[in-house]
Protein chains: 2
Amino acid sequence: MNPLDTLRRQKLDTDTPVCETCGSRVAGLCRPLDIAALDEISSESDQMSMPARATVFREGDPAGRVFTLIDGTAKLTRLLPDGKQQVVGFRYAGDIIGYTTKDTYPFDAELLTDARLCRLDRKNLAGLLGRYPALEHRLLDLCVQELAATQEQLVTVGRRTAEARVAAFLMSLVAARRRRGAVGRLLEMPMTRADIADFLGLTLETVSRTLTSFRRRGWIREPAHQRVELINLNAISSLAEGTADDAA
Amino acid sequence: MNPLDTLRRQKLDTDTPVCETCGSRVAGLCRPLDIAALDEISSESDQMSMPARATVFREGDPAGRVFTLIDGTAKLTRLLPDGKQQVVGFRYAGDIIGYTTKDTYPFDAELLTDARLCRLDRKNLAGLLGRYPALEHRLLDLCVQELAATQEQLVTVGRRTAEARVAAFLMSLVAARRRRGAVGRLLEMPMTRADIADFLGLTLETVSRTLTSFRRRGWIREPAHQRVELINLNAISSLAEGTADDAA
DNA sequence: CGGCGTTTTGAGTGCTTTCAAGACCGGTGG
DNA sequence: CCACCGGTCTTGAAAGCACTCAAAACGCCG
């Protein structure tokens, strides 16, 4: 992780006022707001807890609310007519879920773990957007980032082998964890093989076989349920990049 | 096409002032601007022509400019280390190309046809964004749309058979042409089999075979180079949706 | 301990790719 | 006018990678 980022994060934590709804970590929507705005957003939003497997909202529901994931992991999915599902992304603590300019949500959001969410009504958000232009800029920035990530995923799904896709997925877990400020090789992985498969455009059997193969090569370990340790990060990384060096 | 849309379009064409750089059609960035803003944007932007196969910008180039495609078609691609390319999208007349909140462009933009572009310096855009908040909202809206389209593409590439992907691509051509206000079954298709393949995560041979197969079934015709006529739109549509009814 | 969901593993199939060659088309120059 | 050329498209045959179907192992929880 870029040391500058760590510094900036710490600076934020001490200098910036705290969104009372979201709790101590200033993330999600609140990041660019000043004290007045935070007061306002705190009074208009509220916190909720939901259990694993709960559905936050469904594709097609009226998009009346925006959520910030305070804690936990969610998957975003689109359903196909034939019953298959495509996972379009995973969301982690600090991420915003369900913001759209349309009238309805474009995908399902389902929790993979118990989670806490910060909930804000769309009309309140609209008011805030009018009063705090920085917020709109923040949303645009997030949207651009999300677009880049989805395009990246498109490349992964469209042009890479099963092994490269799974490797890329593991690297994306590392990246997501870094964004949350943690480092190290031991990762939470709350998604099932089926979830991963639906994300990567593979079958769950292929994902299982590939992870087993990584394990046999000594690249990863799974010390507990829903935990992975990346032992040979180089090998995984170069496989993900397409630089198939078979790095020892 | 929704008749309401047509109405709204016509209303726009008569009521809205014209961006002098972009020409008579009010599209791209200019749509939400008032007369003062249009004056400003006209004086700060300029029009350029480029031939087919020209590169507008490359992935990694400093993102110093934003373009509106006045005329013509472009493809946006990301290059993989192994030399393969993934087409992340096509852009048509009226679309914006190259807007990002990052410092560098996230993909290559290459013209498929001779084209005219409206060019605007990023710093000028930043100024406009400050003065005209509606513009930022417009950009956000475009970004959300683009994100939805990319997720749609992810579903197509990740979970569908070759035939369904090609069918979905043909339907996307129809949709794109509708956005530009035209209707009918005869479409421009300026992309090569290889371009289509790189968009759909297939090989050019598979795309060719699939189109040939559609032709033999009487679903499409190709009356001229880079033109397709969709004869059995129902069949193509339901194949694209996954509703494989084999509709006669 | 039994039950259920998840994961692993195996065997066989099939869709798409790969490799290869020929056809087609438009443009160019003799 | 026509032959040639390069690029694009089509078609064929064979191979491969991931899928499908199937069953057993595992691990969690009541």
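The analysis underlying the following values was restricted to heavy atoms, covering all of them including side chains, and did not include hydrogens, waters or symmetry mates. Chain naming here is simple, since letters A, B, ... match the order of the sequence lines and numbering starts at 1 in each.
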Just jot down the ring pair (Phe, Tyr, Trp, His ring centres under 6.0 Å) partners of B:Y99, sequence neighbours excluded, or say none.
->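 Once residues adjacent in sequence are excluded, B:Y99 has no partner under the ring pair (Phe, Tyr, Trp, His ring centres under 6.0 Å) criterion.
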Ring pair (Phe, Tyr, Trp, His ring centres under 6.0 Å) partners for A:F107, two or more places apart =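 Once residues adjacent in sequence are excluded, A:F107 has no partner under the ring pair (Phe, Tyr, Trp, His ring centres under 6.0 Å) criterion.
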Stepwise side chain to side chain donor-acceptor pair (under 3.5 Å) test for B:R116 and B:Q47 | CA-CA 7 Å; B:R116 281 182 309 146; B:Q47 205 182 105; 3.2 Å; yes
Salt bridge A:E110-A:R91, side-chain N to carboxylate O under 4.0 Å =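 Salt bridge between A:E110 and A:R91, a charged N being under 4.0 Å from a carboxylate O: no.
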B:R227/B:E188 salt bridge by N-O under 4.0 Å criterion | yes
If each end axis of the helix from C:dC1-D:dG30 to C:dG30-D:dC1 is fitted on five C1' pair positions, the angle between them, to 10 degrees, is 30°
Tell me: [atom1] of [X] to [atom2] of [N], nearest whole Å?
X: B:R215; N: D:dT11; atom1: CZ; atom2: C1'; result: 12 Å
X: B:Q226; N: D:dG7; atom1: CD; atom2: P; result: 16 Å
X: B:R159; N: D:dA18; atom1: CZ; atom2: P; result: 14 Å
X: B:R216; N: D:dC9; atom1: CZ; atom2: C1'; result: 13 Å
X: A:E222; N: D:dG27; atom1: CD; atom2: P; result: 11 Å
X: B:L112; N: D:dG7; atom1: CG; atom2: C1'; result: 16 Å

No-hydrogen, no-angle side-chain donor-acceptor test under 3.5 Å, A:T203 and A:T206 = yes
Mind jotting down which residue pairs meet the salt bridge (Lys or Arg N to Asp or Glu O under 4.0 Å) criterion with at least one end in residues 190-209 of chain A? Sequence neighbours excluded, please.
-> A:K75-A:D195, A:R193-A:E222, A:D198-B:R159
Which part of the nucleic acid, if any, lies within contact of A:R53, taking any heavy atom under 4.0 Å across all strands shown: a base, the sugar-phosphate backbone alone, or nothing?
-> sugar-phosphate
Check step by step if side chain to side chain donor-acceptor pair (under 3.5 Å) holds for B:T212 and B:R216.
-> CA-CA 6 Å; B:T212 299; B:R216 294 222 174 103; 5.8 Å; no
Do B:R119 side-chain atoms and B:F67 backbone N/O form a donor-acceptor pair below 3.5 Å?
->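 A pair under 3.5 Å: no.
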Can you check whether B:Q153 reaches A:L154 side chain to side chain, under 4.5 Å on heavy atoms?
->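 Yes. Closest side-chain heavy atoms under 4.5 Å.
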On DNA chain C, which is the earliest and which the latest nucleotide, 5' to 3', with an atom closer than 4.0 Å to a heavy atom of chain B?
-> C:dT16 to C:dC19
Measure the acute angle between the ring planes of A:F57 and A:Y105, then classify it against the limits of 30° and 60° as parallel, tilted or perpendicular.
->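 Because their plane-to-plane angle is under 30°, the rings of A:F57 and A:Y105 count as parallel.
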Contact list for DNA chain C against residues 191-213 of chain B - heavy-atom distance below 4.0 Å |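 By residue number: B:G201, B:L202, B:T203, B:E205, B:T206, B:R209.
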